[in-house]
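Residue numbers start from 1 in every chain, and the chains themselves are labelled A, B, ... in the order their sequence lines are given, proteins ahead of strands.
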There are 2 protein chains.
Amino acid sequence: MNVTGHTRRPASIRDVATAAGVSYQTVSRVINGHPSVRPSTRERVLAAIEELGFRRNATALALASGRSRAVTVLTANTTHYGYASILQGIEEAARAASYAVGIGVLESAEDAAVAAEVQRAADAGGGIVVIAYDPAGVRALAAVPAGLPVVGVVETPATPPGGDRPWVWADDREAAYQATRHLLSLGHETVHYVAIPSSTRRTSARTGGWRQALKEAGAPEPRPVQSSWGPAGGHAAGLKLARDPSVTAILCGNDDLALGVLRALHETGRPVPGEVSVAGFDDAPHSAFLTPSLTTVRLDFTGLGRSAFALLHGVLEESAPVAPHPVSVPELVVRESSGPPPAGT
Amino acid sequence: MNVTGHTRRPASIRDVATAAGVSYQTVSRVINGHPSVRPSTRERVLAAIEELGFRRNATALALASGRSRAVTVLTANTTHYGYASILQGIEEAARAASYAVGIGVLESAEDAAVAAEVQRAADAGGGIVVIAYDPAGVRALAAVPAGLPVVGVVETPATPPGGDRPWVWADDREAAYQATRHLLSLGHETVHYVAIPSSTRRTSARTGGWRQALKEAGAPEPRPVQSSWGPAGGHAAGLKLARDPSVTAILCGNDDLALGVLRALHETGRPVPGEVSVAGFDDAPHSAFLTPSLTTVRLDFTGLGRSAFALLHGVLEESAPVAPHPVSVPELVVRESSGPPPAGT
DNA sequence: GCGCCTTGTGTGACCGGTCACATTCATGCG
DNA sequence: CGCATGAATGTGACCGGTCACACAAGGCGC
């Protein structure tokens with residue numbers, strides 16, 4: 001309406017109050033839907049709000065009420081598929097609940113750096129979601145001071161990370177178990193494992209599922225190959241494994257690693273799936289379009305993010321029902337990269 | 001120090017003041033580094049701060065001072081490589097300047113939805129960075145009310161999107177130009193183009209660079225194939241192009257599209273680069289590990305994000321020097337997917 | 001000795017909301 | 001008819017900082 005060239009200070013509830021001829025408290029009642037406001041009064045206030053383009057100041061609201069309707073997501077990474085999808089799920093749910101979403105990247109797993117980042121997140125005032133799939137995340141989750149509303153997105157339900165704090169998970173253990181069984185069922189003697197960083201600890205869910213499947217089948221358990229997150233790490237691991245002719249099946253900690261492994265096998269002249277079968281983890285969007293397309297396990301990261309937010313939302317507002325630990329069931333997706341072992345073996 | 005079971009209200013400057021035996025204003029001076037505070041006093045205050053574990057309340061600071069040391073990033077997507085990398089760059093720079101980073105996803109390009117999201121970003125109080133690579137982003141940038149500190153990350157410097165507002169860009173036009181010239185220089189008669197959503201408009205930078213290279217070489221200009229962002233879109237486009245035997249070179253709007261195109265060519269039995277050459281855009285981490293590895297143009301998205309923040313930072317605090325429009329130079333990366341056209345042509 | 005400027009410190013108001021309580025007026029009920 | 005009750009509204013303090021200004025003490029010039 002009012003088009004002066006200058007940027008004017010936005011209208012406050014007191015401005016609205018004078019415009020409507022009521023007290024600021026009445027305005028507050030109207031915007032909060034308090035019942036005992038005479039309809040005619042409400043009408044007038046709403047008109048004034050409309051006319052002045054009033055919007056409730058989020059900062060003042062947070063300061064006065066203590067609640068800030070905000071979530072900060074702490075994560076070691078924003079670009080990898082799994083992380084980015086979880087973040088997206090959180091944002092989606094947060095937006096629906098009109099919460100603001102902040103992010104903090106844990107660039108280093110060093111304690112001081114992690115603590116600093118946790119502090120920053122705590123300063124933001126709202127709730128915190130920590131993606132604790134890796135060392136930095138796990139430490140961050142542990143470093144969140146007690147009493148702060150926090151939810152962890154973790155690898156496995158078997159090891160409660162922060163003791164009493166709520167968490168959500170996709171069942172990586174089950175997923176790794178399924179993928180490994182799939183490969184074994186094709187006739188492979190055993191399955192080698194290329195691990196993402198956190199998954200080397202004995203307690204890791206992905207490693208655990210793989211190990212369990214091997215044990216149940218009475219298959220020998222090769223040493224997992226420690227790797228990084230990206231295709232470069234997978235490539236290096238793949239070159240190593242390719243040298244060993246007994247290797248006929250490889251499970252990778254994520255699809256990016258699998259991509260690197262595929263490339264390494266290609267470079268060393270070992271056809272997939274003719275000689276070696278490869279399975280990934282996560283079902284990233286590109287996996288279906290690789291050549292050969294990648295057998296993998298699909299995890300619902302977006303849903304995981306939504307659940308994390310729902311849980312946090314429940315903690316922040318007692319009114320909101322706390323979701324019962326929602327575990328999304330992983331789904332094996334069989335594609336071209338897995339098949340029976342070569343006949344000669 | 002003080003370990004009571006209950007979560008106590010954090011210390012305020014007044015708590016510190018009484019503990020140090022000074023007024024709250026003196027505490028404020030100390031935490032702001034004001035010069036005229038007697039060293040001995042400063043000492044006492046710092047000791048009290050330390051002892052009470054005082055941290056300045058960000059919300060109160062924002063309310064009182066007006067500045068909120070926060071950036072909100074508006075983007076249509078958080079999972080695609082380019083977007084995620086820009087976000088990461090922004091976060092990195094923001095963290096270094098101890099700014100909080102918020103994100104808002106533009107789920108729909110519909111005007112009302114975009115406007116709502118812009119409002120939310122504005123409500124957050126700080127600066128705004130809009131990633132305007134696509135219709136939703138472009139609209140969001142246009143919808144930001146004048147007077148708000150905002151920086152756009154845009155496709156091309158040729159079309160100032162918001163008129164007077166600052167923006168940064170990676171030179172997509174130049175990148176597309178380089179990639180197209182590379183393919184032409186290999187001997188291809190022309191280069192087909194599979195476009196990402198925004199790039200179909202005539203003003204688009206990527207399309208423009210491609211077109212310019214064709215024109216300069218006197219090559220015929222085929223109709224660009226409109227596609228989506230992901231590999232599925234590239235796959236569909238690739239199937240279409242594969243039917244045309246005259247197609248020997250394809251430039252894709254991003255590496256994910258290229259991946260889909262590669263797959264489509266594989267499925268239709270057209271060897272790459274034997275019969276068809278393919279080039280991508282962005283140099284995503286996986287592109288080097290595809291089979292065939294992908295010729296592409298590398299863009300420094302992270303650097304772009306950092307620049308965007310630097311620019312915004314300059315706007316928010318006059319003290320900070322405003323970076324001169326920093327354009328990162330794209331770099332052509334030649335890999336296996338491009339080569340000379342088949343001899344018979 | 002006086003005025004004046006500078007240094008160090010304190011006081012009150014304010015940012016824009018919420019919250020606890022006070023006040024007014026119309027009802028219902030004994 | 002008097003009084004308790006509840007609806008409708010207003011007042012003052014408060015959240016935790018900042019800002020503008022006041023004020024005391026000390027040094028300097030004249």
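Of all heavy-atom pairs between A/Pro35 and A/Arg42, the closest is O-NH2, 3.6 Å. Between A/Ala94 and A/Val71, the shortest heavy-atom contact is CB-CG2, 4.4 Å. Residues B/Leu311 and B/Pro166 come closest through the heavy atom pair CD2-CB, 3.7 Å.
In this structure, the helix from C/dG1-D/dC30 to C/dG30-D/dC1 shows an angle of 50° between the axis at its start and the axis at its end, each fitted on 5 base pairs and rounded to 10°.
In 5' to 3' order, the nucleotides of DNA chain C bounding all contacts with chain A (an atom under 4.0 Å from a heavy atom) are C/dG16 to C/dA20.
Nucleic acid contact class of B/Arg56 (heavy atoms, under 4.0 Å, all strands): sugar-phosphate only. At the heavy-atom level, A/Thr41 lies under 4.0 Å from the strands shown only through sugar-phosphate atoms. Here A/Arg42 lies out of heavy-atom contact (under 4.0 Å) with every strand. Using a 4.0 Å heavy-atom criterion, one finds that A/Leu63 contacts the bases of the nucleic acid, with or without backbone contacts as well.
Here the CG-CD distance, from A/Leu106 to A/Glu117, works out to 6.0 Å after rounding to the nearest 0.5 Å.
Identified under the side chain to side chain donor-acceptor pair (under 3.5 Å) test for residues 54-65 of chain A, with sequence neighbours left out: A/Asn32-A/Arg56, A/Arg55-B/Gln119, A/Arg55-B/Asp123.
By the 4.0 Å N-to-carboxylate-O rule, B/Glu317 lies close enough to B/Arg69 to be salt-bridged with it.
Residues satisfying the salt bridge (charged side-chain N to carboxylate O under 4.0 Å, His left out) test with A/Arg95, not counting sequence neighbours, are A/Glu91, B/Glu107. Partners of A/Tyr83 under the ring pair (Phe, Tyr, Trp, His ring centres under 6.0 Å) rule, at least two apart in sequence or in another chain, are A/Trp229.
DNA chain C is contacted by A/Tyr24, A/Gln25, A/Ser28, A/Asn32 of residues 23-33 of chain A, taking any non-hydrogen atom closer than 4.0 Å.
Classification of the A/Trp167-A/Trp169 ring pair by plane angle, with boundaries at 30° and 60°, yields tilted.
Within the 4.5 Å cutoff, side-chain heavy atoms of B/Val105 are placed close to those of B/Thr78. Within the 4.5 Å cutoff, the side chain of A/Val118 has heavy atoms near those of the A/Pro145 side chain.
Ranked by how close their nearest DNA chain D nucleotide is to the 5' end, A/Pro35 and B/Phe54 are led by A/Pro35.
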